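Working notes, beginning with the structure itself.
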Amino acid sequence: MRALVLIYGTICYTAFLLVFLYLIAFVGDYGDGNTLNKGPNSPIGIAFTINVILLFLFSIQHSAMARPTFKRWLAKLVPASIERSTYVLLTNLVLVLLYFQWRPIDGLVWQITNPAIIIILQSLFWIGWATVLCSTFMINHFELFGLRQIWQNWTRTTAAPPTFRTPFFYNLVRHPIYTGFLIAFWATPTMTAGHLLFASGMTLYIFIGIQFEERDLLRIFGEQYQKYRKQVAMVIPGLKL
Ligand SMILES: C[S@@+](CC[C@H](N)C(=O)[O-])C[C@H]1O[C@@H](n2cnc3c(N)ncnc32)[C@H](O)[C@@H]1O
């Protein structure tokens, strides 16, 4: 059983790495596969409806499954050691569905032609993804993606209770992973209507998701988090936001 848990969690994590790499290509419009601007065509009304449903599905899965109530319910169905890996697996599946069902929507919102600005935006795009990845390591990459849990199950050790931490980027903003995503989603020299819908939907999800996440964080860390909220910006360093 412990070996199965280890294999299952490793598969979920490996799949996540591939899905994450594809997300970069999907948003950045790289490669020959489906991207925000390349994929099955549909009339604009249908395309809009399908895309909104896909964004909604992602938001519900990603946010609802992260709540303690859902986790407690899931823990009755699957061993606690694979609860996080299962979350990662379902996130992978919803994202794959989004990659293959997303409908491009033509129409340019902006197209930058100045080569210097293009380079700046492309650099920001990569800085955004690097921020996401680095922040996961600052907070706890292996726990976020379920690897710590399956390893503890394998070694029969127990998890220490969560501790409040503010390493590196977490001194600048409370949600650097989301800051990274926001940069990566918006920094583009060519903003199509489809890309705008994706970036807007994800931005809305992030700001709503933060409200739920902070409610949990306040419950877990109490006054410490309350004080942190007063001192450190949410996603933009130095701003209230
Ligand atoms: C997906 S991560 C997102 C973290 C943060 N929202 C961000 O954008 O960087 C969510 C996990 O990080 C944990 N977390 C967030 N901020 C934390 C902090 N300052 N100290 C310890 N754990 C934290 C939460 O408890 C949750 O398990």
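Given the structure is predicted, the values throughout are model-derived calculations rather than measurements.
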Inset, instruction - Output every pair passing side-chain hydrogen bond (donor to acceptor under 3.5 Å, both in side chains) with a member in residues 112-127, not counting sequence neighbours, ordered by first then second residue. - result: none
Legend entry - For the student: nearest non-hydrogen atoms of Val132 and Ile177, plus distance: CG2-O, 3.5 Å
Legend entry - Closest non-hydrogen atom pair, Pro40 against Trp102: CD-O, 3.7 Å
Inset, instruction - May I ask you to list the residues sharing a hydrophobic cluster with Leu4, side-chain cutoff 4.5 Å, ordered by chain and number? - result: none
Inset, instruction - Report the hydrophobic cluster partners of Leu204, with the cluster defined as I, L, V, M, F, W, Y residues connected by side-chain heavy atoms closer than 4.5 angstrom, directly or transitively. - result: Ile208, Phe212
Just say parallel, tilted or perpendicular for the rings of [X] and [Y], cut-offs at 30° and 60°.
X      : Y      : value
Phe20  : Phe16  : tilted
His141 : Phe145 : tilted
Tyr178 : His175 : parallel

Inset, instruction - Start with the C-alpha distance between Tyr87 and His62, add both sets of side-chain angles, then the distance that settles ring-ring contact (aromatic ring centres under 6.0 Å, His included), and finish with yes or no. - result: CA-CA 8 Å; Tyr87 174 79; His62 211 66; 5.2 Å; yes
Legend entry - For Asp106, side-chain hydrogen bond (donor to acceptor under 3.5 Å, both in side chains) partners two or more places apart: none
Legend entry - ring-ring contact (aromatic ring centres under 6.0 Å, His included) between Tyr205 and Phe56, worked out: CA-CA 9 Å; Tyr205 158 69; Phe56 185 70; over 10 Å; no
Inset, instruction - Output every pair passing salt bridge (Lys or Arg N to Asp or Glu O under 4.0 Å) with a member in residues 174-194, not counting sequence neighbours, ordered by first then second residue. - result: Arg174-Glu214
Legend entry - Contacts of type ring pair (Phe, Tyr, Trp, His ring centres under 6.0 Å), residue Tyr99, not counting sequence neighbours: Tyr22, Phe26
Legend entry - Under 3.5 Å side-chain donor-acceptor pair for Thr190 and Thr188: no
Inset, instruction - Please check if any side-chain donor atom of Ser81 sits under 3.5 Å from a side-chain acceptor atom of Gln152, or the reverse. - result: no
Legend entry - N/O donor-acceptor pair under 3.5 Å between Arg103 side chain and Asn41 backbone: no
Inset, instruction - Spell out, as yes or no, whether a donor-acceptor pair under 3.5 Å connects the side chain of Tyr30 to the backbone of Thr35. - result: no
